[in-house]
Amino acid sequence: MTAESTAARLALAAARILREEGAQAVTMRRVAAEAGVTAMATYRHFPNREALLRTVVDQAVAEVTADWGKRRARTFRSRIDFLTDEFLDFALGERNLYAFVMAERWEGARRLDDFADSPAFRPVFEAVRQGIEDGVLRTGDPLEITLAVTTPVLGLVQLYHGGRIELSEKDFRGLCKRTVGRVLDGVAA
């Protein structure tokens, strides 16, 4: 067994555990057992749990967001609508990964100053920047406007995951889209 394939098996095991059970279930011993190696072998490939999780999260987020923003849209609003769908597919379909990436404190998590480089945030940021340039949105800081557009959905998802919004998924998605529309009305040129 090569070192590369062992590292890949460890990452796959950690990703499965994270996605199915959440970050709290990802331990070096558990990952090693799932990958069929000793716990000490895990440390040859990943110095600690945080490094393993960072590798897994980077790969998973890259996979989930690979096609975000690539759908053809005729208008700024339809582009944002597609991006909202893609984000909600992630938030509702990958609940444990979403919770770790978006709601938990962890080493290596993005901070405000590098949000625009995030694969999940960048497509909306680019759409907003283009919307400002095209005169669809008021002139302003694209980062702040993107935050204004995206954070209501983040908050609604937290409430939905916490059982505080009891709607069908279809109705919840509609609520999110109506909320984004209201925010866009407020920043429209």
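Every value quoted in this text rests on a predicted model; they were computed, and no experiment measured them.
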Under a 4.0 Å N-O cut-off, is there an ion pair linking Glu34 with Arg29? no
Any donor-acceptor pair under 3.5 Å linking the side chain of Asp67 with the backbone of Lys70? no
Close side-chain approach of Val153 to Thr179, heavy-atom, < 4.5 Å: no
Heavy-atom side-chain proximity of Gln59 to Thr55 below 4.5 angstrom: yes
Show the nearest heavy-atom pair for residues Pro123 and Ser118, with the distance to one decimal. CD-O, 4.4 Å
Atom pair CG/NZ of Asp81 and Lys177 - distance to nearest 0.5 Å: 3.5 Å
All heavy atoms of Leu10 vs all of Thr42, minimum pair found to be CD2-OG1, 3.6 Å
Decide, yes or no, whether a salt bridge links Arg129 with Asp134 under the criterion of side-chain N to carboxylate O below 4.0 Å. no
Write down the atom of Glu104, the atom of Ala23, and the distance for their closest heavy-atom approach. OE1-CB, 3.9 Å
Short side-chain to backbone donor-acceptor contact, Arg79 and Thr75, under 3.5 Å: no
Separation between CG (Asn96) and NE2 (His161), nearest 0.5 Å, reads 9.0 Å
Measure the shortest side-chain to side-chain distance between Gln130 and Pro142 over non-hydrogen atoms and say whether it is less than 4.5 angstrom. no
Report the C-alpha separation of Leu184 and Phe76 in whole Å, then their side-chain angles, then the decisive distance to 0.1 Å, and conclude whether the side-chain contact (heavy atoms from CB on, under 4.5 Å) test is met. CA-CA 10 Å; Leu184 291 175; Phe76 171 77; 3.7 Å; yes
Can you measure from CD1 (Ile145) to CG (Leu137) and round to the nearest 0.5 angstrom? 6.0 Å
Should Arg173 and Leu92 count as side-chain neighbours, where that means a heavy-atom distance under 4.5 Å? yes
ILVMFWY clustering at 4.5 Å (side-chain atoms), partners of Leu112: Phe115, Phe121, Phe125, Leu143, Leu147
Between Pro119 and Trp68, the two heavy atoms sitting closest are O-CE3, 4.1 Å
For residues Tyr43 and Met28, determine if any side-chain heavy atom of one lies less than 4.5 Å from a side-chain heavy atom of the other. yes
Kindly indicate, with the supporting measurements, whether the criterion side-chain contact (heavy atoms from CB on, under 4.5 Å) is fulfilled by Glu21 and Arg30. CA-CA 12 Å; Glu21 300 176 43; Arg30 172 99 185 268; 2.5 Å; yes
Check step by step if side-chain contact (heavy atoms from CB on, under 4.5 Å) holds for Phe82 and Arg72. CA-CA 9 Å; Phe82 290 157; Arg72 305 276 297 159; over 6 Å; no
Does the side chain of Val180 reach to within under 4.5 Å of the side chain of Pro152, using non-hydrogen atoms? no
Measure across Val56 and Ala14 and return the closest heavy-atom pair with its distance rounded to 0.1 Å. CG2-CB, 3.7 Å
How long is the straight-line distance from CG of Leu83 back to CZ of Arg71, given to the nearest 0.5 Å? 9.0 Å
Hey, are the side chains of Val157 and Phe172 touching, using non-hydrogen atoms and a 4.5 Å cut-off? yes
Partner set under side-chain contact (heavy atoms from CB on, under 4.5 Å) for Arg105, not counting sequence neighbours: none
Check step by step if side-chain contact (heavy atoms from CB on, under 4.5 Å) holds for Thr6 and His45. CA-CA 8 Å; Thr6 300; His45 303 282; 3.4 Å; yes
Suppose clustering is done on Ile, Leu, Val, Met, Phe, Trp and Tyr with side-chain heavy atoms closer than 4.5 Å. Which residues sit in the same group as Leu12? none
Looking at side-chain heavy atoms only, is the closest gap between Leu97 and Phe90 below 4.5 Å? yes
Which heavy atom of Gln158 sits nearest to which heavy atom of Ala103, and what is that distance? NE2-CB, 3.7 Å
Do NZ/NE/NH1/NH2 and the carboxylate oxygens of Arg19 and Glu63 come within less than 4.0 Å? yes
Mind checking whether Phe87 and Tyr98 have parallel, tilted or perpendicular rings, split at 30° and 60°? perpendicular
d(Ile165 CD1, Cys176 SG) to nearest 0.5 Å is 7.0 Å
Summary of side chain to side chain donor-acceptor pair (under 3.5 Å) pairs that have at least one residue in residues 180-189, sequence neighbours excluded: Arg77-Asp185
Side chain to side chain donor-acceptor pair (under 3.5 Å) partners of residues 143-152, not counting sequence neighbours, each pair once: none
Report the residues that fulfil side-chain contact (heavy atoms from CB on, under 4.5 Å) with Asp113, sequence neighbours left out, ordered by chain and then residue number. Arg111
Return yes if some donor-acceptor pair links the side-chain N/O of Arg138 with the main-chain N/O of Ile132 below 3.5 Å, else return no. no
Lys/Arg N to Asp/Glu carboxylate O, Asp117 vs Arg122, below 4.0 Å: no
